[in-house]
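All ligand and atom numbering here is 1-based and tracks the order in the structure.
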Amino acid sequence: MPKQPKPHEPLVTHIYTADPSAHVFEGRIYIYPSHDLDHDGPINDNGDQYKMEDYHVLSMDDLNSPVTDHGEVLHVKDVPWASCQMWAPDAAFKNGKYYLFFPARDHEGIFRIGVATSSSPAGPFKAEEQYIQGSFSIDPAVFIDEDEQAYMLFGGLWGGQLEKWQTGSYVENAEGPAPDEPALGPRIAKLSEDMLSMTTEAMEMVILDQEGQPLTAGNEECRYFEGPWMHKYNDKYYLSYSTGSTHKLVYAIGDSPMGPFTYQGTILPPVMGWTTHHSIVQFEEKWYLFYHDCSLSGGVDYKRCVKFAELTYNSDGTIRMIDPYPEK
Ligand code: FUB
C-alpha cells in the first residue's frame with residue numbers, strides 16, 4: 001500500500017526522484033520528476049553523475065492521499081535524437097493532449113529540448129523524431145497564460161551548457177560573463193499552437209536588482225543558474241529559479257512573461273545536496289512548493305528525493321521563505 005505523503009518528507013522511497021514539475025490535471029496532482037539512478041562514473045560540478053535514462057510520473061488525489069507511481073513513461077532508447085542524460089522535465093496540457101518537455105544530450109553531446117505526447121497525464125509518452133528546432137540547454141518549464149499562449153522557459157549554466165550559446169550558436173569553449181558583467185538569464189520562447197515548435201527565437205529574460213540594475217554574474221546569491229519556473233499570482237508573473245553555486249531557490253516578479261523581472265528574495269534556503277530545483281502549483285485554495293534534497297540517499301551519488309511544502313504569500317505578494325527542515 002503506498003504511503004501517505006507528508007510535507008518535507010520524501011514523496012516516494014522506492015525510486016530516487018528529482019526536479020519535480022507539479023501540475024493539476026483532471027482535478028488531481030501530477031508530478032513529473034527526473035529519475036536518479038545508481039552510477040559508477042565521475043561525480044563533478046557538470047552533473048556527470050546524473051546519467052538519467054527515463055521518466056516516471058507520480059500522482060496524488062490531493063496532498064493527503066497516497067502517491068501512485070505510474071511507472072516508466074518514456075525511455076531515452078525511444079527518443080531518436082537523444083543519447084543520454086534525461087534531465088529535468090515539465091508537462092503541459094493543451095488541445096486535449098498532454099505534452100512532456102524534456103532535455104537530453106543529442107548524439108553530438110549537445111543538450112537540446114524535446115517533446116513527447118500522450119492522451120493521458122500519466123503517460124506513456126511518445127517522443128517526436130527531432131528535438132524542438134532552436135532549443136538548447138536544459139530545464140524546460142512551460143507556462144500557459146490566461147490567453148492560452150504557451151511559453152517555454154529554459155537554460156542552465158555549467159553542465160547545462162547555457163554559456164556556450166551566448167552568440168546564438170554553440171561554441172564549445174565559451175566562458176560565462178566576467179563577475180561585474182550582467183549575468184546570463186534564462187531563455188524564453190513562445191510555443192506554437194500545437195506545442196511542438198517555437199514560434200519565436202529564444203529571448204534572454206532580464207532580472208534586475210531592486211535598484212533596476214541587471215544582476216551581475218558575480219552576484220551568485222541572486223543570479224540565475226538553472227531550473228526556471230513561472231507562475232502567476234494576482235496578475236503578476238513570478239519567475240523562480242535555482243542559484244546553483246549558492247544552492248538557493250529565489251524569485252523575481254514582472255508584469256509580463258517576457259520580463260523584465262525584479263529580484264525579490266529567497267523561497268527556500270539550501271537543502272542537503274548540491275542541486276536545488278522546484279515547481280510551484282496551486283491546488284484548490286492553497287499553493288505548494290515541490291522541491292528535492294538528498295536526504296533519502298544520505299547524499300550517496302547525490303541521488304535526490306522529491307518533497308513538498310505549503311507556500312504562502314505576504315499581503316504585498318512577496319513569498320514567505322520556507323524552512324526545509326522544520327522542527328517536528
Ligand atoms: O537533474 C539533473 C539536473 O540537476 C537538472 O536538470 C538541474 O536542474 C539539476 O537539478
Please step through side-chain hydrogen bond (donor to acceptor under 3.5 Å, both in side chains) for the pair D90 and Y99, ending with a clear verdict. CA-CA 8 Å; D90 191 19; Y99 299 84; over 6 Å; no
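- Residue D19 has at least one N or O atom closer than 3.5 Å to an N or O atom of ligand 1.
- Not a single N or O atom of Y50, backbone or side chain, sits closer than 3.5 Å to an N or O atom of ligand 1.
- Close contacts of ligand 1 with M52, meaning ligand atoms under 4.0 Å from a residue heavy atom, involve 1 (O), 2 (C).
- Formation of a donor-acceptor pair under 3.5 Å by the Q264 side chain with backbone atoms of T262 is found in this model.
- Any N or O atom pair closer than 3.5 Å counts here, and D139 shares at least one such pair with ligand 1.
- Backbone and side-chain nitrogen or oxygen atoms of W87 are examined, and none is located within less than 3.5 angstrom of a nitrogen or oxygen of ligand 1.
- The ring-ring contact (aromatic ring centres under 6.0 Å, His included) with H231 is formed by just one residue from the set F290, Y237, W287; it is W287.
- Using a 4.0 Å cut-off between charged nitrogen and carboxylate oxygen, K77 and E53 do not count as a salt-bridge pair.
- Salt bridge absent: D36 and K51 never bring a charged side-chain N and a carboxylate O closer than 4.0 Å.
- Using a 4.0 Å cut-off to heavy atoms of H277, the atoms of ligand 1 that qualify are 7 (C), 8 (O), 10 (O).
- Looking only at protein heavy atoms, the nearest one to atom 9 (C) of ligand 1 is E226 OE2, 3.3 Å.
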Walk me through it: do R304 and T275 pass the test side-chain hydrogen bond (donor to acceptor under 3.5 Å, both in side chains)? CA-CA 9 Å; R304 299 156 294 179; T275 67; 3.1 Å; yes
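- Among all non-hydrogen protein atoms, the one lying nearest atom 4 (O) of ligand 1 is R304 NH1, 3.2 Å.
- Listed by atom number, the atoms of ligand 1 under 4.0 Å from H292 heavy atoms are 10 (O).
- For A18, no heavy-atom contact with ligand 1 is shorter than 4.0 Å.
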Begin from the C-alpha positions of S197 and S192 and carry the test side-chain hydrogen bond (donor to acceptor under 3.5 Å, both in side chains) through to its verdict. CA-CA 6 Å; S197 61; S192 55; 3.1 Å; yes
